[in-house]
2 protein chains.
Amino acid sequence: MRMNEGVEWALHSCLNLGWLGPERAVTAGRLAAFYGLPPAYLNKQLQALARAGILTSTSGPRGGFRLARDLDAITLLDVVVAIEGPDEAFRCTQILRQGPGGDPAADYLKLCVISQAMGRADLAWRRELAGQTLADIRATVERGYPDTPERTREWFATVAG
Amino acid sequence: MRMNEGVEWALHSCLNLGWLGPERAVTAGRLAAFYGLPPAYLNKQLQALARAGILTSTSGPRGGFRLARDLDAITLLDVVVAIEGPDEAFRCTQILRQGPGGDPAADYLKLCVISQAMGRADLAWRRELAGQTLADIRATVERGYPDTPERTREWFATVAG
DNA sequence: GGTTCTTTACTCGGATATCGGCTGTCCGAGTGTCCTCGG
DNA sequence: CCGAGGACACTCGGACAGCCGATATCCGAGTAAAGAACC
């Protein structure tokens, strides 16, 4: 049960986009170079964010990605779902159907007590993720490392891309 | 981010072992036949439960698996960790080290705000899993389906294995 | 000089290889049982 | 009849393939900008 590595990249990239502001679009290559990530693969993740409506993408020269809305309207869950998909980790395969006394027509996703319990745990996880926005993260970072926004802007302004 | 299918099998098998009682050991083949699962693969999962101290295993004729302790001392988290391993789903790769201003010696597992936030979500998930024992599950099942214990015992007693 | 058209270079987007881990299977080590043989 | 020894069959345990999804890469469609040509 390993989460897609792109989730981490996407979260950090969204934060960076937040510090850079929505004026300019930033290419996947620039965002990848910031952390030394494979550009084409990060591009794939950013595409997923665009499909989910978290980013907007523009092609051509001076194109790239920018935030579709402010960071306080983007939760951690939004990003995770955009990359990982909406399915929960535990998937009940309804093996009770195969057992003695099992009803092939029953919906054990709802009936199976184990499925319910695992669903509650998944819900607690999602609730925690949905309770934190990227603006919260940004605020915490800026409180602990006040020069991060300026350094980030500087890097994207000076380093050739 | 898909959970190992063996977790579902392990949970259901532990419940069945709880209904059958600790007097007799039950073979992986019998437990697998109950749901029509591949016997050798279920055996692999049960081995993991034995390594984790949830089950005890005995070889030879009249051997098999039995519960190492009562169901009220086995949480859902115990079973999940036994099958999936102790690592959490989100693994911070500390990409901040590679970025400008990154400290190669810093422990970003603790410092990175994103890592902290994802860790909190994982903790909420684990807390929910640890808060429910298999005895709770058993009680809920018996409340909704009172004849399940007897039917299960009957099946294991009558069906040849 | 201004406007329009063409060329150009750049970026996203999806299609295409490659790799690791879950899924599934098989055979050997160990062990309890049953039978046989001897006392 | 009773006990000891041995053969046997059964089960776990770990070692060995197969397959699917994540990882990583590449090339084409579309586009905005820059330059050239024309008015």
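Each chain gets a letter, A, B and so on, in the order its sequence line appears, and its residues count up from 1.
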query = Is the shortest side-chain N to carboxylate O distance from B:R97 to B:D107 below 4.0 Å?
reply =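 A salt bridge is absent here (no side-chain N lies under 4.0 Å from a carboxylate O).
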request  = Using a strict cut-off of less than 4.0 Å between a Lys/Arg side-chain nitrogen and an Asp/Glu carboxylate oxygen, indicate whether B:D87 and B:R91 qualify as a salt bridge.
outcome  =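 No, B:D87 and B:R91 are not salt-bridged.
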key: Which atom of A:A117 lies closest to which atom of B:Q132, heavy atoms considered   =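 Closest pair (atom of A:A117, atom of B:Q132, distance): CB-OE1, 3.9 Å.
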key: For the student: nearest non-hydrogen atoms of A:L129 and B:A121, plus distance   =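 Looking at all heavy atoms of both residues, the shortest contact is CD2-CB, 3.5 Å.
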What integer distance in Å separates [X]:[atom1] from [N]:[atom2]?
{"X": "B:Q47", "N": "C:dA29", "atom1": "CD", "atom2": "P", "value": "16 Å"}
{"X": "B:M1", "N": "D:dT23", "atom1": "CE", "atom2": "P", "value": "13 Å"}
{"X": "A:E8", "N": "D:dT23", "atom1": "CD", "atom2": "C1'", "value": "15 Å"}
{"X": "B:Q45", "N": "C:dT25", "atom1": "CD", "atom2": "P", "value": "13 Å"}
{"X": "B:L55", "N": "D:dT11", "atom1": "CG", "atom2": "P", "value": "17 Å"}
{"X": "B:I83", "N": "C:dG24", "atom1": "CD1", "atom2": "P", "value": "14 Å"}
{"X": "B:L37", "N": "C:dT23", "atom1": "CG", "atom2": "P", "value": "12 Å"}
{"X": "A:E84", "N": "D:dT23", "atom1": "CD", "atom2": "C1'", "value": "13 Å"}

task = For the residue pair B:H12 and A:C112, establish whether any side-chain heavy-atom pair is separated by less than 4.5 Å.
result =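 They are in contact (side-chain heavy atoms under 4.5 Å apart), so the answer is yes.
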ask   = Ignoring hydrogens and geometry, is there a side-chain-to-backbone donor-acceptor pair from A:E84 to B:M1 under 3.5 Å?
value =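 Side chain of A:E84 to backbone of B:M1: a pair is present.
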query = Would B:E150 and B:W155 count as having a side-chain donor-acceptor pair, cut-off 3.5 Å?
reply =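 Side chains of B:E150 and B:W155: no pair found under 3.5 Å.
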message = Testing the 3.5 Å rule here: is there a donor-acceptor pair between the side chains of B:T93 and A:E8?
response =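 Checked: B:T93/A:E8 side chains pair up, N/O donor to acceptor below 3.5 Å.
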query = Do the side-chain N or O atoms of A:R51 get closer than 4.0 angstrom to the phosphate oxygens (OP1, OP2) of C:dG14?
reply =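 True: A:R51 side-chain N/O within range (under 4.0 Å) of C:dG14 OP1/OP2.
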message = Can you see if the side chain of B:S57 gets near the phosphate of D:dT11 - specifically, an N or O under 4.0 Å from OP1 or OP2?
response =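 Answer no for this pair, as no side-chain N or O of B:S57 is under 4.0 Å from OP1 or OP2.
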inquiry  = Counting primed atoms plus P, OP1 and OP2 as sugar-phosphate and everything else as base, spell out the protein contacts along nucleotides 24-29 of chain D at 4.0 Å heavy-atom distance: B, S or - for each nucleotide, 5' to 3'.
reply    = BBB---
key: A:L46 or A:P61, whichever maps to the more 5' nucleotide of DNA chain C   =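 Final value for this comparison: A:P61.
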Of the nucleotides [options], which one has an atom closest to the side chain of [X]?
{"X": "A:R2", "options": "C:dG21, C:dC12, D:dC12", "result": "C:dG21"}
{"X": "B:N4", "options": "C:dT23, C:dG14, D:dC12", "result": "C:dT23"}
{"X": "A:F65", "options": "C:dT33, C:dG13, D:dG13", "result": "C:dG13"}

Below 3.5 Å, can you tabulate the donor-acceptor pairs from side chains in residues 33-53 of chain B to any protein atom, sequence neighbours excluded?
from  : atom 1 : to    : atom 2 : distance (Å)
B:Y35 : OH     : B:N16 : ND2    : 3.3
B:Y41 : OH     : B:Q45 : NE2    : 3.4

query = Taking five pairs at each end, how big is the angle between the two axes of the helix from C:dG1-D:dC39 to C:dG39-D:dC1, to 10°?
reply =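 It works out to 0° between the end axes.
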request  = Give one of base, sugar-phosphate or nothing for B:A25, where a contact means two heavy atoms less than 4.0 Å apart.
outcome  =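 The residue B:A25 makes no contact with any strand.
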Residue closer to the 5' end of DNA chain D, B:T58 versus A:M3 (nearest nucleotide) =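 With A:M3 and B:T58 compared, the 5'-side residue is B:T58.
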query = A:Y145 and A:L11: same hydrophobic cluster, using ILVMFWY side-chain contacts below 4.5 Å?
reply =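 A:Y145 clusters together with A:L11.
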